[in-house]
Amino acid sequence: MPSISRSQEQKLDNLNEGSKTSNKSLNRKHWILQQRRSLPIASVERRLVDEVRKNDTIIIVGETGSGKTTQLPQYLFNAGFCRDGKVIGITQPRRVAAVTVAKRVAEECDAQLGQKVGYAIRFDDATSTSTRIKYMTDGLLLREALLDPILSRYSVIIIDEAHERTVHTDVLLGLLKKVQDARLKQHKLDKPYINNVVKVDNECHSSNMKFAPLKLIIMSASLDAKGFSEYFCGAKAVYVQGRQYPVDILYTYQPEPDYVDATLITIFQIHLDDSPGDILAFLTGQEEIELVDMLVHERLKQLPERSRNILTVPIYSSLPSEQQMNVFRPTPSNFRKVILATNIAETSVTIPGVKYVIDPGVVKSRYYNPVTGMESLIIMPISKAQALQRSGRAGREGPGKCFRLYPESEFWKLIDSTVPEIKRCSLSNVVLQLKALGFNDIIGFDFMDKPSRSAIKQSLQELYLLGALTDDCKLSDPVGIQMARFPLDPIYSKALILSGEFRCLEEMLIVVAMLSVESIFYSPREKLEESVVIIYEMALLYSSPPVVFYCKARSAWKKFSSPDGDHLTLVTVFRAAVEYREKIRAATNKEKAIDKSLSRWCRDNFINNRSLKHALDVHSQIKVYLEQMDMSLSSCGDDVLQFRRCLTASFFLNAAEKQPDGSYRVKANGQNVQIHPSSVLFRTKPECIIFTELIQTNQIYVRNISRAWMPELSQYYDVER
DNA sequence: GAGCACTGC
């Protein structure tokens, strides 16, 4: 079954390049060859190949449009780096990028996708034993390293978009440095490297195989190669020119007190004074986008008829993909498109036709407090690198303009580049992965940017409490080893392992899959408005408080809700969806028809289709892992108590007790929290709860809550504090 | 009685 992003990307392809069904394939080939030759990187092909031959590690700084991602792997292939069945691996931070680039390169090589050129992302592997150029997500390569610690099948690994510094990229950088060392030592000793390779699946694993040194190429779009070069012991950096049109940068004279208002003014200023061309405005979130959208239309009414030719298009990640696609529709003639976007338009989505960029200089970003383990989203200033990335969006197709809604002096005060993710997220998963890869000394691990000691210690402690680590801080056998194998949050992995003992693995697997995805319940705005009208009419009719009629979505969800809490509610939703799908499958075997039918079921029940599909994918993936570990899918049936016991035992760290004022106190650290109003237990307010999410917004909320099973809990908290 | 930047295994 194709994943969502793949179909999304296919639509993108069609929209961007038009129909590919042309029978003039010769012309197409000729055109592709010309395109390839005209890329800036083409002129330095020989030099690049020489540098890779001479150096084990090089850094390539290439601006957008240089062609480095598509061309370099082909140059290396042609230069013989895939001899003896070796593979060139290229990592990307995003799934869509891995797929689109692989398709493009396969076409350039005149090969069928999945043969010489392929890609591998979670839930979707388009590679074969003949694949020599393999695009993949960086997280997937990390997973591969767990099975083959010296990545023996690869002759070259290219880390693309390294400047983005995702957690996965950072862990990979550290790991690859070690892999290089290990392979170099083995190469010099001239004897087979002994390791715990689990998966032996192709010809390059013959027993007396010698491993050539691993070539490592770090590709970055940012201008500071220094950091990477220093990290890799003075590795050589090569600069490749990009293909970018000039962008005029304009600043304000004074700081703007209200960037939303300033954005609005700028949109109209461009619209009335500047030449034709679409506008891309960066905002921080859905709410802000909807507000600006509304305000633009309000102010348009004040303009003369002939100036009202503005078309607004919002785009943010939780928007259904059909609506996201609206940004690619051609603008009607005489109209100016105004794209109101979050950070999604900074890297993930490239929108054609943009000539003007409006950059208020802020971003909503996740902040993690390692002491409290609490995550919150805060609006903060962007970095210089981000500002450059944003302004670059105006110069893709011709000269452009970027309006920075702050004075130039403020720009120079911005930090150079965004703080790497590894320094601002929970490290439990990173630590578990590194332990599984054989790195015991986490504090001493050679990170490019070291996370704080306290964050590492916090994760070590959590993993110890979950039973993943022994008293001397080593990975425990079998619990720790099993936990590291699951592509899940460590606490969810632990819940799965425990639920085998409690004989409710079937239920816990569903819960874990549902908790691993974005919110399952979805209430579109227009539906809410519809319900507001109903409330209003009802209130007039009955002159009573209209709370009962608050939301249609609510009543749709009611049939799923469980008195025991949100977790069993999720189980009911999942089972209802699967049951419905099977019913449809019995009537038709066309996957498309089944998909469509399930989408309709989701819409009728106010369920987020994308999230549900994702949960189904996670569910089937984890099921395979469980089967490999010989864990049988036991169900507790109607014995809800058994499930509550298991949930309590798994998430005892997340237990909270009711206080006299109706708030809750987290038993593990004494923190005061509230039940989120979206919970089915919001009104019930049980004495003691187990939660699986803690978030800070206007208040500190716990979400996804179930009633705790007190006798089980008392085993963990015997002394009342 | 509330509010969801963006990725990824």
Side-chain angles (χ1 to χ4, degrees), chain A residues 3 5 91-98 120-125 136-147 161 164-172 282-290 315-319 341-349 362-367 375-380 382 386 389 418 421-422 424-425 429-430 432-433 436 484-490 492-493 516-525 528 545 547 550-551 554 608 611 614 617-618 621-622 625 662 674-679 681-683 685 693 695-703:
Chain A
S3 68
S5 55
T91 71
Q92 296 289 329
R94 278 170 295 280
R95 295 161 54 96
V96 182
I121 58 178
R122 190 186 188 184
F123 312 129
D124 191 1
D125 185 351
M136 63 196 130
T137 42
D138 42 18
L140 199 100
L141 184 61
L142 264 181
R143 285 278 152 191
E144 266 188 36
L146 283 178
L147 302 173
E161 313 283 8
E164 288 191 22
R165 303 291 304 277
T166 66
V167 183
H168 289 152
T169 301
D170 272 23
V171 176
L172 261 184
F282 285 98
L283 295 160
T284 64
Q286 177 181 347
E287 209 180 343
E288 221 169 80
I289 286 173
E290 281 166 354
I315 182 166
Y316 45 89
S317 83
S318 62
L319 197 70
T342 59
N343 254 12
I344 194 170
E346 212 176 87
T347 46
S348 306
V349 175
V362 283
V363 66
K364 198 183 276 186
S365 136
R366 179 177 281 162
Y367 172 78
E375 282 186 341
S376 44
L377 286 168
I378 48 171
I379 293 172
M380 54 186 283
I382 57 172
Q386 263 181 305
Q389 175 71 25
T418 314
E421 198 186 355
I422 202 158
R424 49 188 175 90
C425 71
N429 224 342
V430 170
L432 186 63
Q433 295 301 310
R485 285 207 62 194
F486 291 114
L488 293 169
D489 267 1
Y492 294 163
S493 308
S516 298
V517 302
E518 288 280 287
S519 172
I520 285 287
F521 298 106
Y522 171 65
S523 46
R525 194 150 294 251
L528 274 174
V547 183
Y550 185 67
C551 184
R554 271 285 141 132
N608 185 330
S611 303
H614 191 185
D617 279 340
V618 176
Q621 186 193 29
I622 305 296
Y625 280 93
Q674 308 279 342
I675 294 187
H676 195 273
S678 64
S679 171
L681 295 181
F682 179 71
R683 283 165 198 282
K685 291 212 191 317
E693 196 185 3
I695 45 156
Q696 180 169 20
T697 52
N698 289 332
Q699 295 196 62
I700 300 172
Y701 285 108
V702 285
R703 252 198 317 217

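Every chain is numbered from 1, with letters handed out A, B, ... down the list of sequences.
- Nucleotide B/dG3 holds its P atom 8 Å from the CD1 atom of A/Ile695, rounded to whole Å.
- Atom CD of A/Glu693 is separated from atom C1' of B/dA2 by 13 Å (rounded to the nearest Å).
- The backbone N or O of A/Arg485 lies less than 3.5 Å from a partner atom in the side chain of A/Arg143, making a donor-acceptor pair.
- Residue A/Tyr316 is in sugar-phosphate contact alone, with no base atom involved, counting any heavy-atom pair closer than 4.0 Å across all strands shown.
- Contact between the side-chain N/O atoms of A/Ser365 and the OP1/OP2 oxygens of B/dA5 is not found at any separation under 4.0 Å.
- One interatomic measurement links the two molecules: CG of A/Asp170 to P of B/dG8, which rounds to 17 Å at whole-angstrom precision.
- In this structure, CD1 of A/Ile378 is placed 16 Å from C1' of B/dC4, rounded to the nearest angstrom.
- Remark: A/Ser519 is not in phosphate contact with B/dC4, judged by side-chain N or O atoms under 4.0 Å from OP1 or OP2.
- Put simply, A/Arg95 has a side-chain N or O that comes within less than 4.0 Å of OP1 or OP2 on B/dC9.
- Using a 4.0 Å heavy-atom cutoff across all strands shown, A/Arg94 reaches sugar-phosphate atoms only and no base atom.
- Proximity of A/Glu290 to A/Tyr316: side-chain heavy atoms (C-beta onward) are separated by under 4.5 Å at one or more points.
- Between the side chain of A/Glu693 and the main chain of A/Arg703, no donor-acceptor pair closer than 3.5 Å is present.
- Of the candidate nucleotides B/dA5, B/dC6, B/dG8, B/dC6 has the atom lying nearest to any side-chain atom of A/Ile344.
- Which of B/dT7, B/dC9, B/dC4 sits closest to the side chain of A/Glu421 comes down to B/dT7.
- Around CD of A/Glu518, the count of heavy atoms belonging to other residues, nucleotides or ligands within 6.0 Å does not exceed 12.
- Summarising the geometry, the separation between CD on A/Glu288 and P on B/dG3 is reported as 15 Å, rounded to the nearest angstrom.
- Here A/His676 pairs with A/Tyr701 under the ring pair (Phe, Tyr, Trp, His ring centres under 6.0 Å) rule; sequence neighbours left out.
- Residue A/Lys364 contributes atom NZ, which lies 10 Å from atom P of B/dG3 at whole-angstrom precision.
- For B/dG1, the base has a donor-acceptor partner in the side chain of A/Arg683 [N/O atoms by modelled type, under 3.5 angstrom].
- Rounded to whole Å, the distance from CD1 on A/Ile700 to P on B/dG3 is 13 Å.
- As judged by a 4.0 angstrom heavy-atom cut-off over every strand, A/Thr137 is placed among residues touching the sugar-phosphate backbone only.
- Phosphate contact (OP1/OP2 of B/dA2, side-chain N/O of A/Ser678, threshold under 4.0 Å): absent.
- At least one donor-acceptor pair under 3.5 Å links the side chain of A/Ser611 to the backbone N or O of A/Ser519.
- Applying the 4.0 Å criterion to OP1 and OP2 of B/dC6, one finds that A/Thr347 has every side-chain N and O outside that range.
- Counting non-hydrogen atoms under 4.0 angstrom, A/Thr166 reaches nothing in the nucleic acid.
- B/dC4 shows a glycosidic angle within 90° of 0 and is accordingly assigned syn.
- Side chain of A/Pro487, nearest nucleotide from B/dG1, B/dC4, B/dC9: B/dC9.
- Across the interface with DNA chain B, nearest-nucleotide mapping of A/Leu488 and A/Asn343 shows A/Asn343 to be the residue nearer the 5′ end.
- If you take CG of A/Asp138 and P of B/dC9, they are 8 Å apart, rounded to a whole angstrom.
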